[in-house]
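Here is the structure we will look at.
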Number of protein chains: 2
Amino acid sequence: MNKREDMKQMIERLKQRGVTLTPQRMAVIEFLIKSSNHPCVDTIYQAIKKKYPSISPATVYSTLQLLKEMGEIQELHIRGDRACYDPITWRHHHLLCRSCGRILDVDIDGCPITNNKLIREHRVEEVQAYIYGVCSECLEKERDDKSKS
Amino acid sequence: MNKREDMKQMIERLKQRGVTLTPQRMAVIEFLIKSSNHPCVDTIYQAIKKKYPSISPATVYSTLQLLKEMGEIQELHIRGDRACYDPITWRHHHLLCRSCGRILDVDIDGCPITNNKLIREHRVEEVQAYIYGVCSECLEKERDDKSKS
DNA sequence: ATTCATCTTATAATCACTATTACTTTGTAA
DNA sequence: TTACAAAGTAATAGTGATTATAAGATGAAT
C-alpha cells in the first residue's frame, strides 16, 4: 500500500533490465502509480500534458506497451471502447460500476481460475475477470435516495 | 445442446417481445446458433453475404446490438481489437488460445463470482472472465511435436 | 392504395490505436 | 568534454472497428 515504495521498486526493476527512464516515462509511471482509477490512455495523456506540454500520445502508448511487456502493469479491456491500465499486477479482478463508471479492484480469495495453472486441460497463462454491476458506494446512495422519497 | 430447439426458443422469445424477425435478422441468429466459434462481426457478415449479397455490415451490427439488449447473446471483449459474440447466455467463461486463436467455452463449477449476487458489497450484474493461455488440443500437439524431435 | 413506422443499405464520420519518419536526447567511449 | 551511435520522442498520416446519418425499401393498418 506504500505507493512511493512501489514506485521506487518498479523503477529499480526497470533500471536493472536496461530500460531508459526518460522524463516522459517517469511521468507515465508516476501518474499510474499515484492514480487508483485505472486510467485510460487519454486520461494519462491529458494529465501529463499539464507538466510536459510537448508530450505526444504516441509516447504514452509506447510507454504503456513497454511497461506491459515488462510485466509492470496490466492492460484492462473492461470497457469495450478503450484500454485502461492498472499498475497492480498481482492477480485480482475488476468491477465496472454502471452507475458511477469507475473501475474498482476486487480481490478474490477462493477463485479457482486464478489459482490453477490448468483448467479443463487448458493451460492458464493469464486471467482477466470483469464484473459489471453497481459498486457499494452507489448502492448506498440508491438506498439513501429511496428512503428520502 | 439441441441447436435447432435453442433457435426455435430464441425466436419465440423475440416474437413475444415484439421483435420483427426480418430475413437478415434470421440469418444472423441462424449463423450465431450454428457456429461454435464465437465469431466476430466481419465473420458473420462475410458468411451471410453469400446468401444475402445485399446485406450491409450496419445491419449485422444493429442486429447484434438488438440481440444483446434482449439478453439473447453475449458480447465478448476477449480480443482487444474486436468484439466477438456468443449465443450461449448462461454464465460461463472463455479461453483465448494463444496458439490456435480459437475462443473456447469453459464452464466453471465452484466459481464464487458467477454464483453470487453480491461481492464485497458490490452488486454483480454480469461477469466476463477471460482466460488467456493454450487450449488442450494445442497442448497435445506440443507434446507430440516434442516426442518426435 | 396511402400512410406511417420500422428496417435496411450506403455512405460518411469518429475514434482508438499503429506505423512512419524526421528530429532530439541519452549513454558511452575516446 | 566532445563526438557519435543507439534509442526515444513527437508530429503526421494511416488503419480498422464501430457509429451516425440519411435515403430508400418493406410491411402492417387504415
Side-chain angles (χ1 to χ4, degrees), chain A residues 11 14-32 38-70 72-85 96 101 103, chain B residues 11 14-32 38-70 72-85 96 101 103:
Chain A
I11 287 164
L14 290 168
K15 267 189 191 165
Q16 288 192 342
R17 298 177 72 181
V19 174
T20 315
L21 290 166
T22 64
Q24 293 92 330
R25 288 179 176 173
M26 286 298 291
V28 171
I29 292 171
E30 189 176 4
F31 184 79
L32 270 174
H38 308 84
C40 64
V41 175
D42 194 56
T43 304
I44 299 169
Y45 169 64
Q46 296 298 342
I48 293 177
K49 213 168 49 165
K50 287 175 192 162
K51 253 185 135 177
Y52 297 84
S54 74
I55 200 171
S56 144
T59 302
V60 179
Y61 275 104
S62 80
T63 302
L64 290 169
Q65 197 177 339
L66 176 70
L67 294 174
K68 186 178 65 171
E69 280 163 8
M70 289 286 168
E72 295 291 345
I73 62 172
Q74 273 188 76
E75 189 176 71
L76 308 181
H77 291 278
I78 190 166
R79 300 188 199 279
D81 57 347
R82 63 208 128 122
C84 299
Y85 295 87
L96 175 59
I103 297 171
Chain B
I11 287 163
L14 290 167
K15 267 189 190 163
Q16 288 190 345
R17 297 176 73 181
V19 174
T20 316
L21 290 167
T22 64
Q24 293 91 332
R25 288 180 177 173
M26 286 298 290
V28 171
I29 291 171
E30 189 175 5
F31 183 80
L32 270 175
H38 308 85
C40 64
V41 176
D42 194 56
T43 303
I44 300 169
Y45 168 65
Q46 297 296 341
I48 294 177
K49 212 168 49 164
K50 288 174 192 161
K51 253 184 133 177
Y52 297 85
S54 74
I55 199 171
S56 146
T59 303
V60 178
Y61 275 103
S62 80
T63 302
L64 290 169
Q65 197 178 339
L66 176 69
L67 293 174
K68 186 178 64 172
E69 281 164 7
M70 290 286 169
E72 295 291 345
I73 62 173
Q74 274 188 74
E75 190 177 69
L76 308 181
H77 291 278
I78 191 167
R79 298 187 199 280
D81 54 348
R82 63 210 128 120
C84 299
Y85 295 88
L96 175 59
I103 297 171

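Quick note on labels: first sequence line is chain A, next is B, and so on, each numbered from 1.
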Dump every N/O contact between nucleotides 27-30 of chain D and the protein below 3.5 Å, one line per pair.
none

Report, as a single string ordered 5' to 3', how protein heavy atoms within less than 4.0 Å touch nucleotides 5-22 of chain D: B base, S sugar-phosphate only, - not at all. ---SSBB-----SBB---
Expressed in angstrom and rounded to an integer, what is the separation of Ile44(A) atom CD1 from dA16(C) atom P? 13 Å
Among Leu96(B), Leu76(B), Thr43(B), which residue meets the side chain to side chain contact (heavy atoms under 4.5 Å, CB included) test with His38(B)? Leu76(B)
Given the rule in the side chain to side chain contact (heavy atoms under 4.5 Å, CB included) test, do Tyr45(B) and Lys49(B) qualify, once you have shown the distances and angles that lead to the verdict? CA-CA 6 Å; Tyr45(B) 168 65; Lys49(B) 212 168 49 164; 3.3 Å; yes
One pair to check against side chain to side chain contact (heavy atoms under 4.5 Å, CB included): Ile48(A) and Thr59(A). What are the steps and the verdict? CA-CA 11 Å; Ile48(A) 293 177; Thr59(A) 302; over 6 Å; no
Spacing between Ile29(B) atom CD1 and dC7(C) atom P, to the nearest angstrom: 13 Å
Distance check needed: dT9(C) C1' versus Ile48(B) CD1, whole Å only. 15 Å
Integer-rounded Å distance: dG27(C) C1' and Leu21(A) CG: 13 Å
Drop me the distance from Ile73(B)'s CD1 to Cys84(B)'s SG, to the nearest 0.5 angstrom. 11.5 Å
Find the distance between CD1 (Ile55(B)) and OG1 (Thr22(B)) and round it off to the nearest 0.5 Å. 8.0 Å
Could you tell me the separation between the CG atom of Leu64(B) and the P atom of dT8(C), rounded to a whole number of Å? 12 Å
Would Leu67(A) and Leu32(A) count as a side chain to side chain contact (heavy atoms under 4.5 Å, CB included) here? Give the steps. CA-CA 11 Å; Leu67(A) 294 174; Leu32(A) 270 174; 4.3 Å; yes
Show your working on side chain to side chain contact (heavy atoms under 4.5 Å, CB included) between Met70(A) and Leu14(A) and close with a plain yes or no. CA-CA 8 Å; Met70(A) 289 286 168; Leu14(A) 290 168; 4.0 Å; yes
Verify whether one side chain among Tyr85(B) and Glu75(B) offers a donor that lies under 3.5 Å from an acceptor in the other. yes
